[in-house]
Amino acid sequence: MPETTRRADRAAGSRYGNRPTMKDVAARAGVGLKTVSRVVNGEAGVTPDTERRVREAIEALGFRRNDSARVLRKGRTASIGLVLEDLADPFYGPLSRAVEEVARAHGALLINGSSAEDPEREQELALALCARRVDGLVVIPAGDDHRYLEPEIRAGVATVFVDRPAGGIDADVVLSDNFGGARDGVAHLIAHGHRRIGFIGDMPRIHTAAERLRGYRAAMEEAGIPVAEGWMSLGATDPERVRRATEEMLAGPDPVTAVFTGNNRVTVTVIRVLAEHDRPVALVGFDDFELADLLQPGVTVVAQDAAALGRTAADRLFQRLDGAPGTPERLELPTRLIKRGSGELPPAD
């Protein structure tokens with residue numbers, strides 16, 4: 001019984017059969033394996049009639065070339081990994097897309113996953129990608145110790161960090177100017193007459209949150225404004241925590257007249273809280289977000305270019321894969337203040 005018939009019999013009772021092989025193609029076309037290989041790989045030495053028979057067999061069987069085996073013979077898998085904080089976060093959509101476009105331009109497949117801001121999950125995901133022999137990694141770190149990647153880097157896995165630097169190792173990193181952007185945003189509020197300005201940010205252990213807090217403090221210090229403890233709140237970005245922090249800043253005899261928010265998730269919750277208060281409160285948020293320009297007033301933001309972050313990180317990764325020499329670099333991209341109205345409101349008192 002021919003091999004193709006036996007394979008069909010084995011698959012008859014199952015929805016999923018076995019993938020056809022080059023042997024199946026060769027048997028159906030009545031040629032040798034080497035001939036099939038030449039046709040599949042576009043090599044010379046095959047007559048037009050033989051090539052036609054092989055291609056008809058390929059189409060009839062649904063044969064697909066095993067690219068993983070082919071690239072492994074070359075020492076590269078033509079794939080890279082991307083470790084994100086949260087695939088559902090709008091900030092990471094354009095970043096991921098930009099990495100994917102660069103990978104595609106280099107003939108590589110992108111495999112990504114979310115760490116959920118969990119250092120253990122980040123490590124598990126990064127090492128799982130390495131176990132699948134990706135050529136390189138783009139990592140948005142959740143933890144602050146990346147020594148677990150040292151053996152992989154020594155083994156040739158190019159690694160670039162983005163949005164936050166690596167911890168415990170020297171590696172290329174692409175960042176936004178978090179400090180300068182936050183300082184500019186708070187200085188903008190000060191320029192419009194505000195002195196009691198609150199800051200609500202993410203977990204203080206996160207690099208971006210710490211840098212944005214530092215920018216807030218720097219702007220206040222440069223303006224000679226003492227910062228009261230009650231004006232600063234860092235922690236989880238869940239709505240309940242952010243709502244509580246906002247309401248506390250708006251209460252009391254000397255409430256804040258403006259709020260600077262540390263990321264888009266915090267901004268959205270603060271907008272909801274401010275909508276429930278009669279007194280207008282100025283707002284500047286770090287990170288742009290969808291529909292920010294359609295609110296009344298529009299939300300003034302410090303925007304970072306997520307796509308540029310992803311593109312720059314991916315470009316750097318492929319430069320390293322192509323043998324670019326040199327010590328790891330820190331690349332910092334500028335932010336942009338977009339004035340829409342909420343950050344230009346004057347103090348209510």
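Heavy-atom basis, side chains included; hydrogens, waters and symmetry copies ignored.
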Write down the atom of [X], the atom of [Y], and the distance for their closest heavy-atom approach.
X	Y	answer
Gly198	Val256	N-CG1, 3.7 Å
Ser96	Leu84	CB-CD1, 4.3 Å
Cys130	Leu137	SG-CD1, 3.7 Å
Pro280	Ala348	O-CB, 3.9 Å
Ala210	Pro204	CB-O, 3.8 Å
Thr267	Gly285	OG1-CA, 3.7 Å

Okay, side chain of [X], backbone of [Y]: is any donor-acceptor separation there less than 3.5 Å?
X	Y	answer
Asp172	Glu329	yes
Glu122	Ala142	yes
Arg330	Ala171	no
Ser115	Arg121	no
Arg196	Pro255	yes
Arg241	Ala236	yes
Arg147	Gly168	no
Ser114	Leu87	yes

Let me have the donor-acceptor pairs involving side chains of residues 269-277, under 3.5 Å, with sequence neighbours excluded, atom names and distances please.
unit_1 : atom_1 : unit_2 : atom_2 : d
Glu276 : OE1    : Arg243 : NH1    : 3.0
Glu276 : OE2    : Arg243 : NH2    : 3.0
His277 : ND1    : Val273 : O      : 3.0

Arg205 atom CZ, over 12 foreign heavy atoms within 6.0 Å = yes
ask   = Quick check: are there more than 12 heavy atoms from other residues, nucleotides or ligands sitting under 6.0 Å from CG of Asp170?
value = no
Within the structure provided, determine whether [X] and [Y] are in side-chain contact (heavy-atom separation under 4.5 Å).
X	Y	value
Glu56	Glu59	no
Asp89	Asn264	yes
Phe199	Leu213	yes
Asp177	Asp184	no
Val54	Arg38	no
Thr159	Glu152	no
Ile111	Arg132	no
Thr261	Val284	no

Only pairs under 3.5 Å count here: list side-chain donor-acceptor contacts from residues 216-226, not counting sequence neighbours, and write none if there are none.
unit_1 : atom_1 : unit_2 : atom_2 : d
Tyr216 : OH     : Ile197 : O      : 2.6

Any link between [X] and [Y] through a network of hydrophobic side chains (Ile, Leu, Val, Met, Phe, Trp, Tyr) touching at under 4.5 Å?
X	Y	value
Val134	Leu321	no
Val259	Val268	yes
Leu125	Val99	no
Val138	Leu149	no
Ile58	Met22	yes

ring-ring contact (aromatic ring centres under 6.0 Å, His included) partners of [range], not counting sequence neighbours, each pair once:
range	answer
residues 320-349	none
residues 117-143	none
residues 78-117	His106-Phe318
residues 153-198	His146-Phe161, His188-His192

My understanding is that only residues two or more places apart in sequence, or in another chain, count here; which of them pass side chain to side chain donor-acceptor pair (under 3.5 Å) with [X]?
X	value
Asp49	Arg52, Arg53
Thr50	Thr47
Asp238	none

inquiry  = Let's go through Arg212 and Asn263 carefully: what are the C-alpha distance in whole Å and the side-chain angles of both, what is the deciding distance for side-chain contact (heavy atoms from CB on, under 4.5 Å) to 0.1 Å, and is it a yes or a no?
reply    = CA-CA 9 Å; Arg212 293 167 194 175; Asn263 64 37; 3.9 Å; yes
To the nearest 0.5 angstrom, please state how far the [atom1] atom of [X] sits from the [atom2] atom of [Y].
X	Y	atom1	atom2	answer
Arg214	Asn178	CZ	CG	10.0 Å
Arg97	Leu110	CZ	CG	11.5 Å
Leu331	Thr312	CG	OG1	7.0 Å
Asn112	Ile80	CG	CD1	9.5 Å
Gln304	Asp163	CD	CG	6.0 Å
Thr300	Leu189	OG1	CG	8.0 Å

remark   = Joining Ile, Leu, Val, Met, Phe, Trp and Tyr whenever any side-chain heavy atoms lie under 4.5 Å apart, the cluster holding Leu294 also takes in Leu291
remark   = Besides Ile206, the hydrophobic cluster formed by Ile, Leu, Val, Met, Phe, Trp and Tyr side chains linked at under 4.5 Å, directly or via other members, contains Met203
task = Please assess Val39 against Val36 for the test side-chain contact (heavy atoms from CB on, under 4.5 Å), listing each intermediate value before the final yes or no.
result = CA-CA 5 Å; Val39 172; Val36 176; 5.8 Å; no
query = Applying salt bridge (charged side-chain N to carboxylate O under 4.0 Å, His left out), which residue pairs with at least one partner in residues 77-88 are found, sequence neighbours left out?
reply = Glu85-Arg164, Glu85-Arg265
inquiry  = Please determine whether side-chain contact (heavy atoms from CB on, under 4.5 Å) holds for the pair Ser176 and Glu211, giving the CA-CA distance in whole Å, both sets of side-chain angles, and the decisive distance to 0.1 Å.
reply    = CA-CA 10 Å; Ser176 291; Glu211 284 295 286; over 6 Å; no
ask   = Salt bridge between Arg340 and Asp288, side-chain N to carboxylate O under 4.0 Å?
value = yes
ask   = Is there a side-chain contact (heavy atoms from CB on, under 4.5 Å) between Val139 and Val160 once you walk through the steps?
value = CA-CA 6 Å; Val139 180; Val160 176; over 6 Å; no
